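As structure tokens, the structure follows; a few thoughts come after it.
Note that the structure is predicted; figures quoted are calculated from it, not measured.
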Amino acid sequence: MCNTCGCNLTDGNRHLLLAPAYPKKQREVSAEAVLHGLLDQNDRQARSNREILDAHGILVINLMSSPGAGKTTLLETTIKALQARWRIGVIEGDLETENDAMRIRAHGVPVVQITTGTACHLDAHLLAPALAQMPLEQLDILFVENVGNLVCPASFDLGHHLNVTLLSFAEGDDKPAKYPVMFRAADLLLITKQDLQPYMDDFSPDRAEACLRQLASDAPLIILSGRSGMGMDAWLAWLDEQLARHRASLARGESTRPRVERAGRILHHPAEVVFRAVRTHDAH
């Protein structure tokens with residue numbers, strides 16, 4: 001996919017590709033070097049983002065899934081349940097519209113919408129200006145709802161701390177086997193839309209977990225429904241535990257690092273797209 005769509009180029013990092021740091025001669029010689037430079041720049045920005053967030057004691061959770069797995073509904077129910085206990089903020093990522101941000105804003109929490117245009121994931125450079133718009137001094141937990149996509153989001157460090165991957169009963173239970181990059185990166189797997197289980201008898205949570213374990217993943221698994229509230233207690237308890245662990249780490253001068261799937265970077269190698277972008281820029 002990424003060999004043709006060039007999804008590693010976003011409005012957040014495009015200026016780096018066209019910057020003087022990559023002179024015309026170098027760009028013509030090695031698009032691969034330029035691409036690796038973009039990924040390295042992403043990691044540097046991610047470290048900067050995480051330092052800012054750690055200074056405020058905020059736990060940042062990156063929510064990833066295919067479109068329609070229930071990320072926004074889960075957030076709405078989570079906010080209602082935790083709002084009296086923890087101060088919550090949300091950053092929404094979508095290609096277009098502020099539909100999800102409007103839903104979250106109705107619950108009275110700070111939210112920033114990132115529209116990526118054509119990019120099918122968020123990156124650290126897109127997150128940085130969104131963080132500048134958030135009242136960080138007033139937050140305990142910040143959720144980042146990534147663009148719906150079961151491939152690319154797992155390969156980019158945003159400066160967050162933990163990855164939570166959602167898989168709904170409306171999807172196939174073999175998704176972890178089909179999309180290993182995404183599910184290897186998960187610190188927690190949520191099987192969502194449990195209220196649909198009686199109607200989706202071809203989806204087996206046991207088979208989904210078996211596929212996950214075949215990836216050598218020890219991530220815990222929770223089955224829930226954001227709409228009905230089933231299973232939410234286990235999810236909320238996990239959040240409480242992770243925030244406590246994160247703040248204990250910060251007290252020791254350490255941080256929490258997400259599982260970033262380095263193997264997924266192989267997918268982000270659109271040399272012909274890099275060349276095309278450079279040539280277009282040089283023509284002007």
Side-chain angles (χ1 to χ4, degrees), residues 60-83 86 88-107 109 111 113-116 120-122 141-154 158 160 162-176 178-179 181-183 185-209 211-212 217 219-239 242:
V60 184
I61 296 176
N62 181 29
L63 298 177
M64 304 183 294
S65 76
S66 59
K71 296 188 295 297
T72 308
T73 299
L74 175 69
L75 281 175
E76 290 179 303
T77 306
T78 301
I79 290 167
K80 291 177 185 177
L82 289 182
Q83 203 165 14
W86 302 118
I88 297 173
V90 177
I91 293 176
E92 288 285 348
D94 277 304
L95 271 67
E96 295 292 347
T97 82
E98 290 202 3
N99 293 350
D100 290 345
M102 291 171 62
R103 288 173 58 181
I104 297 300
R105 195 171 290 121
H107 296 280
V109 301
V111 57
Q113 177 75 56
I114 300 174
T115 52
T116 65
C120 56
H121 61 85
L122 298 178
I141 301 176
L142 175 62
F143 291 100
V144 178
E145 183 176 342
N146 218 311
V147 178
N149 178 357
L150 275 181
V151 182
C152 307
L158 310 177
H160 62 291
L162 295 169
N163 289 322
V164 173
T165 300
L166 284 66
L167 173 65
S168 77
F169 272 91
E171 301 174 75
D173 52 27
D174 60 348
K175 283 293 189 295
K178 289 183 173 181
Y179 298 90
V181 169
M182 173 63 68
F183 289 90
D187 295 291
L188 172 69
L189 174 60
L190 295 180
I191 297 184
T192 61
K193 302 190 178 183
Q194 187 182 7
D195 50 314
L196 296 181
Q197 188 171 13
Y199 313 102
M200 301 293 176
D201 57 2
D202 59 341
F203 185 104
S204 166
D206 289 340
R207 282 198 299 266
E209 183 170 10
C211 290
L212 181 68
S217 171
L221 182 150
I222 296 173
I223 303 173
L224 53 71
S225 167
R227 185 173 297 279
S228 72
M230 291 186 292
M232 285 294 295
D233 286 347
W235 160 242
L236 299 175
W238 184 87
L239 290 173
Q242 298 310 312

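- Inter-residue side-chain proximity for R105 and E98 is flagged as met; some heavy-atom pair is nearer than 4.5 Å.
- Pairing each heavy atom of E92 with each of D100, the nearest pair is OE1-CB, 3.4 Å.
- The shortest distance between side-chain heavy atoms of C211 and K175 does not fall below 4.5 Å.
- Put simply, the side chain of S65 never gets that close to the backbone of L166: no donor and acceptor are under 3.5 Å apart.
- Taking every heavy atom of both residues into account, P176 and F183 meet most closely at CA-CD1, 3.4 Å.
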For this session: Please lay out, stage by stage, how T72 and N99 fare under the test side chain to side chain contact (heavy atoms under 4.5 Å, CB included).
Result: CA-CA 10 Å; T72 308; N99 293 350; over 6 Å; no
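- Between K71 and S66, the closest heavy-atom pair is NZ-O, 3.8 Å.
- Looking at E171, its side chain does come within 3.5 Å of a backbone N or O of S168 through a donor-acceptor pair.
- Considering only heavy atoms from C-beta on, L224 comes within 4.5 Å of T192 through its side chain.
- Within the 3.5 Å criterion, the main-chain N or O of H107 finds a donor-acceptor partner in the side chain of Q83.
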For this session: Give the intermediate values and the outcome of side chain to side chain contact (heavy atoms under 4.5 Å, CB included) for residues T78 and M232.
Result: CA-CA 8 Å; T78 301; M232 285 294 295; 3.7 Å; yes
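- With rounding to the nearest 0.5 Å, the separation of NE2 in H160 from CG in N146 is 8.0 Å.
- The minimum heavy-atom distance linking A186 with A219 is given by the pair O-CB, 3.3 Å.
- Among T165, L74, L167, the one residue that satisfies the side chain to side chain contact (heavy atoms under 4.5 Å, CB included) test with L190 is L74.
- The side chain to side chain contact (heavy atoms under 4.5 Å, CB included) test applied to R227 returns T73, D195, S225, not counting sequence neighbours.
- Side chain of N62 to main chain of N163: no donor-acceptor pair is present (N/O by atom type, distance under 3.5 Å, no hydrogens or angles).
- Contact of the F143 side chain with the I104 side chain is not registered, since no non-hydrogen atoms from C-beta on lie closer than 4.5 Å.
- Counting non-hydrogen atoms of other residues, nucleotides and ligands closer than 6.0 Å to CE of M230 gives a total above 12.
- Taken from CD1 in I79 to CH2 in W86, the straight-line distance is 16.0 Å, to the nearest 0.5 Å.
- At least one side-chain heavy atom of I61 sits less than 4.5 Å from a side-chain heavy atom of L239.
- Contact annotation: the side chain of V144 never approaches that of I114 to less than 4.5 Å [non-hydrogen atoms, C-beta and beyond].
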Exercise. What's the verdict on side chain to side chain contact (heavy atoms under 4.5 Å, CB included) for I222 and L188, showing C-alpha distance, side-chain angles and the deciding distance?
Worked result: CA-CA 8 Å; I222 296 173; L188 172 69; 4.0 Å; yes
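- Side chains of S228 and Q194: a donor-acceptor N/O pair is absent below 3.5 angstrom, by distance only.
- Annotation: side chain of L95 is in contact with side chain of V147 (closest heavy-atom distance under 4.5 Å).
- Between H121 and T116, the closest heavy-atom pair is O-CG2, 4.0 Å.
- Here the side chains of I191 and F203 are in contact, with some heavy-atom distance below 4.5 Å.
- Residue L82 holds its CG atom at 4.5 Å from CD1 of I88, rounded to the nearest 0.5 Å.
- In this structure, CG in D187 is found 8.5 Å from OG in S217, a value given to the nearest 0.5 Å.
- Shown here for Q113 and A101, the closest heavy-atom pair between the two residues is OE1-CB, 3.3 Å.
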